[in-house]
Amino acid sequence: MSQAAVISHAAYAEHAEALGFWRKYVFSTDHKTIGKQYLGISLFMAIAGGFTAYAIRWQLAWPAAGIPGLGAITPHAYNSLVTMHGSIMVFWVAMPMLLGAFGNFCIPLMLGADDMAFPRLNMLSVWIFFTSALVLLASFVAPGGAAASGWTAYTPLSDTWTSAVWGQTMWLFAVALEFASFLIGGINFLTTAFTRRCAGMTLWRMPLLVWDEIAASVLFLLSVGPLVAGAVMLLMDRLLGTGFYDPSKGGDPLLWEHLFWFFGHPEVYVVALPGFGIMLEIMPVFARKPIFGYRTIIYSTIVAVGLSLIVWAHHMFVSGMDPRLATPFSVTTILISVPFAIIVFAMIATLWGGSLIFDTPMLFVIGGLASFIVGGVTGIFLGSAASDIYLHGTYFVVAHFHYTLFPVTFFGGYAGIYYWYPKMFGRMMDERLGKLHFWLTFVFFQATFIPLFLAGIGGTPRRVFMPSAYPSFASLQPLQVMATVATIGLIASQIPLVVNFFSSMFRGALAGRNPWRANTLEWTVDSPPPHGNFPDPPVARRWPYDYSVPGAASDWLPQVAETNPPAGIKVQRAS
Amino acid sequence: MLMSWLPQNVSTFGTDIDSTLRLIIFIVGPWFILAEGLILYFAIRYRKRPGKPAVHVRGETFRQAAWVLIPGVIVMLLDFSIDNASGRAWDEAKIESPAPALNVQVTAERFAWIFTYPGHTGAFDGKGTYWSMGKLYVPVNQVVRLNMRSMDVIHSFAVPNLRMRQDIVPGRTITAWFEATRPGNYGIQCTELCGFDHYKMQGTLVVLSADDFAKWRQKHWPSAPAIAINSDAEGANK
Ligand SMILES: [Cu+2]
Ligand SMILES: [Cu+2]
């Protein structure tokens, strides 16, 4: 640790007690508080996103019945619900949960730093994010309703044709603010990872979660620029009468599709990589075994990041772009299966020969991995340009991306919550409620989206107010009803989490420093860690995954442990 | 099993799209079962038991990493075989465009499909054109070319039974083709969100036998230009 860092660390420790309520819990520059703020906002927005899911699904199953709690809705309101559901879940739930909450909370602790590189900038990022959420939620009551042209906001529907005149503009502002927040956050993550690592914390000793958070940040920084430019052009079209996307003024709607998907595809990985990072971090702890192929996983992640920048047109095979472009993009898309397959194989290999403990975090990791594989293999059907002609725009796509994003966001996010909750709040969550939460969530998740794969193979188009209005798909309506019943079950399954989350804050067993017997640095300090994190600057003496080292006194060796296992040990094979 | 959920295929290139789907199921299916099976098996086999510590394997040596790298290489080779089949089916459906026996103009307008049949000169405006709202009449076993345009926002012309889908972008004329292989009525849907009544933007593809098409033409579109339609069985296009 550098001299400056030591000084600022000391300064923090001195100030810790002097801070008043507002500076400590609201306008805090402490990365841990900021992480919890992101977590709180994302869980709150998940309630809004969940409500839109419920309303959408009810409408699709029983369009004549009127939605309990909302009443009958117009087709325009339905489009708003669909648009807001996608936007909320991706930008205001997945990103703040996986990047905002766990990135902020874990990166400095795991690297042995006292805080982020730019604590004030960090506070700015969470407040910009909070503002963006307010703007988005306010758009629900804007004249004309919330944005209704899909989370992809294809022009010219989102341009001159939308009836949500206010809602669409507010949506654009909210998204722009959200991007600004995560740009600032990403710069902070990167700078922290490269300048604030403690003594001995080489790049090749960084925990995989940190690797994945910085990979996601780099990818976000690389991909978001063109879309920010695109969004500004769209705002100018809407407000100043320019015609970037208007063919009657010489513009081109396909320009928006390119700019959107150049960002939109990498965005999935911006969310997926930290989700994977959480799973990769938790798995060795509960397998009591090193992660299998640490470097292989890192190299695969870098390859996936690179490839994800050259696949975007797989969303546009039938968009009207030159059809000769399809096959090159199809090849790169399908090739992405290779790095992800390797990461998945490495996770499965980590289970081999382990001593697996199925506490709630581990259940969510394994359930998330098992579910993500479904999303992975179904992606091949959409990556192939030929089969995408048939499946594009159907419920198959809906089921596919929910099988990729739900596992990383919710299974990954929940695993992270159950795992780091003791560190965040000093108390353990209840295991029995946790296991109940897992099994209900796991079963109802599958029951929601398996019927939608079948509806999609049957040809049912997505984003429709009433699938039963199509004579050719009327016979598939029972699938929609099944998915809706399961969705209601899935939402109800979150009750144990809410109860557990709040009651454990007061009634949970005291966690102590290291309840999971884990190796990374955050488990060497008090729970919750004090402002400034480490009373003495830590020194990392080994990589984070030394579990079950033969000859060691215990089955884990923290990164700060000095003891080396006896020289010349042979790696034994599982019997 | 999954394939049985597909609606009946009634187009020439649809056969190859379906076999691409079948090939992908055939290739990814075993990997899917293997991966899920191993997770389940390992979860049971290696659950924590007293006196059975975990092994310390880092997977960092090449020999160990090969357990995940070699399957990775196999995945890559299988990817290329998918690319190959998929690329050919794509070219057939979207790049090669056989000479049409019939040209129809498709006009997408919120929230309707209008199909215009050419007049005396083969043009879509002027004398002798015929237009139909929502119903596209075509002869069986003939290549039909669609000249598609949108009057407002992006729409997508989709006929699941033909395995056909094409977005229509305002400001461009986009061409597409198909050859239906079986008479009958098939649903047409717009599959790109185009506004509040998007779900009502539907139509019907009516595929008629050669005789029935001739009758339909006599009744509704007597001015059909000779050059635009060739209802001979041999079709002159293959
Ligand atoms: Cu994509
Ligand atoms: Cu439409």
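In what follows, every chain begins at residue 1, and chains take the letters A, B, ... in the order their sequences are listed.
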- Query: Which residue, A:S319, A:P253, A:P156, forms the side chain to side chain contact (heavy atoms under 4.5 Å, CB included) with B:V169?
  - Reply: A:P253
- Query: Roughly how far, to the nearest 0.5 Å, is NZ of B:K94 from CG of A:D322?
  - Reply: 12.5 Å
- Note on the structure: Nearest heavy-atom approach of B:I82 to A:I380 is CD1-CG2, 3.7 Å
- Looking only at atom types and distance, does a side-chain atom of B:W90 sit under 3.5 Å from a main-chain N or O of A:S330, one as donor and one as acceptor? no
- Query: If you count heavy-atom pairs under 4.5 Å with chain B, which of A:D555, A:T394, A:V338 comes out on top?
  - Reply: A:V338
- Between A:F465 and B:K200, is a side chain to side chain contact (heavy atoms under 4.5 Å, CB included) present by the stated rule, with each step listed? CA-CA 9 Å; A:F465 180 64; B:K200 287 188 183 160; over 6 Å; no
- Message: Tell me the closest heavy-atom pair linking A:Y390 and B:P7, and the distance in Å.
- Response: OH-CD, 2.9 Å
- Using non-hydrogen atoms and a 4.5 Å limit, figure out which bit of B:A93 sits close to chain A: side chain, backbone, both or neither. side chain
- Note on the structure: When every non-hydrogen atom of A:T296 is compared with those of B:G59, the smallest separation belongs to OG1-O, 4.5 Å
- Item | Donor-acceptor under 3.5 Å (A:R288 side chain, B:A54 main chain) | no
- Checking A:D252 against chain B: side chain, backbone, both or neither under 4.5 Å from a heavy atom? side chain
- The complete set of salt bridge (charged side-chain N to carboxylate O under 4.0 Å, His left out) pairs with one or both residues in residues 64-90 of chain B, sequence neighbours excluded, reads none
- Query: So, does B:Q202 use its side chain to make a donor-acceptor pair with the main chain of A:A469 at under 3.5 Å?
  - Reply: yes
- Message: Counting only non-hydrogen atoms closer than 4.5 Å, does B:I174 touch chain A with its backbone (N, CA, C, O), its side chain (CB onward), both, or neither?
- Response: side chain
- Identify which of A:A346, A:A370, A:P339 forms the greatest number of heavy-atom pairs closer than 4.5 Å to chain B. A:A370
- Task: Mind ranking A:I373, A:T152, A:T160, A:L157 by heavy-atom pairs under 4.5 Å with chain B and telling me who comes out on top?
- Result: A:L157
- Steps toward side chain to side chain contact (heavy atoms under 4.5 Å, CB included) verdict (B:L38, A:W352): CA-CA 9 Å; B:L38 281 177; A:W352 171 84; over 6 Å; no
- Heavy-atom contact with chain B under 4.5 Å, split by part of A:I291: backbone
- Is a side-chain N or O of B:H56 found less than 3.5 angstrom from the main chain of A:Y547, in a donor-acceptor match? yes
- Message: I'd like to know if B:D91 and A:R324 make a salt bridge, using a cut-off of under 4.0 Å between side-chain N and carboxylate O.
- Response: no
- Task: Measure distances from A:S472 to the heavy atoms of chain B and classify the residue's part below 4.5 Å as side chain, backbone, both or neither.
- Result: side chain
- Message: How long is the straight-line distance from OH of A:Y78 back to OH of B:Y199, given to the nearest 0.5 Å?
- Response: 11.5 Å
- Region of B:I74 in contact with chain A, defined by heavy-atom distances below 4.5 Å: neither
- Task: Looking only at non-hydrogen atoms, find the nearest pair between A:S387 and B:I24 and report the distance.
- Result: OG-CD1, 3.7 Å
- Identify which part of A:F317 has an atom lying under 4.5 Å from any heavy atom of chain B, answering side chain, backbone, both or neither. both
- Message: What's the separation between atom OG1 in A:T74 and atom CZ in B:F196, rounded to the nearest 0.5 Å?
- Response: 9.5 Å
- Between B:R165 (side chain) and A:I389 (backbone), is there a donor-acceptor pair under 3.5 Å? yes
- Query: With chain B, which of A:G393, A:P323, A:P247 has the greatest number of heavy-atom pairs at distances under 4.5 Å?
  - Reply: A:P323
- Item | B:I25, part contacting chain A, at a heavy-atom distance under 4.5 Å | both
- Note on the structure: Applying a strict 4.5 Å limit to non-hydrogen atoms, the region of A:L476 in contact with chain B is side chain
- chain B interface, residue from A:R463, A:H392, A:H76 that has the most non-hydrogen pairs under 4.5 Å: A:H392
- Item | Heavy-atom proximity to chain A below 4.5 Å, by part of B:M3 | neither
- Message: Taking B:R58 first and then A:D546, would you say they form a salt bridge - that is, a charged N and a carboxylate O separated by under 4.0 Å?
- Response: yes
- Note on the structure: Output for pair (A:I457 CD1, B:L21 CG), nearest 0.5 Å, gives 8.5 Å
- Item | Criterion side chain to side chain contact (heavy atoms under 4.5 Å, CB included) on A:V318 and B:F157, from CA distance to verdict | CA-CA 10 Å; A:V318 295; B:F157 179 89; over 6 Å; no
- Task: List for me each residue that meets ring-ring contact (aromatic ring centres under 6.0 Å, His included) alongside B:W31, sequence neighbours excluded, and say none if there are none.
- Result: A:F345
- Applying a strict 4.5 Å limit to non-hydrogen atoms, the region of B:Y41 in contact with chain A is neither
- Roughly how far, to the nearest 0.5 Å, is the CD1 atom of A:I334 from the OG atom of B:S86? 5.5 Å
- Message: If we check side chain to side chain contact (heavy atoms under 4.5 Å, CB included) with B:F42, which of these qualifies: A:I366, A:T350, A:L351?
- Response: A:L351
- At a heavy-atom separation under 4.5 Å, does A:V374 approach chain B through its side chain, its backbone, both, or neither? both
- Query: Can you say whether A:L363 sits under 4.5 Å from chain B via the side chain, the backbone, both, or neither, judging by heavy atoms?
  - Reply: neither
- Note on the structure: Okay, A:A77 and chain B: the region with an atom under 4.5 Å from a heavy atom over there is neither
- Message: Can you give me the closest heavy-atom contact between A:F473 and B:P160, atom names plus distance?
- Response: CZ-CG, 3.9 Å
- Shortest non-hydrogen separation from B:I17 to A:A386 and the atoms involved: CG2-O, 3.7 Å
- Query: Distance from A:Y154 atom OH to B:D167 atom CG, nearest 0.5 Å?
  - Reply: 7.5 Å
- Task: Check each atom of B:E192 against the heavy atoms of chain A and say whether the ones under 4.5 Å are side chain, backbone, both or neither.
- Result: side chain
- Message: Please check: side-chain N/O of B:R47 versus main-chain N/O of A:S355, any donor-acceptor pairing under 3.5 Å?
- Response: no
- Query: Distance-only, no hydrogens or angles: does the B:E60 side chain make a donor-acceptor pair with backbone N or O of A:Y294 under 3.5 Å?
  - Reply: yes
- Query: Under a 4.5 Å heavy-atom cut-off, does chain A meet the side chain of B:R172, its backbone, both or neither?
  - Reply: side chain
- Message: Heavy-atom cut-off 4.5 Å, strictly under: side chain, backbone, both or neither for B:A85 against chain A?
- Response: neither
- If you count heavy-atom pairs under 4.5 Å with chain B, which of A:V331, A:D246, A:T327 comes out on top? A:V331
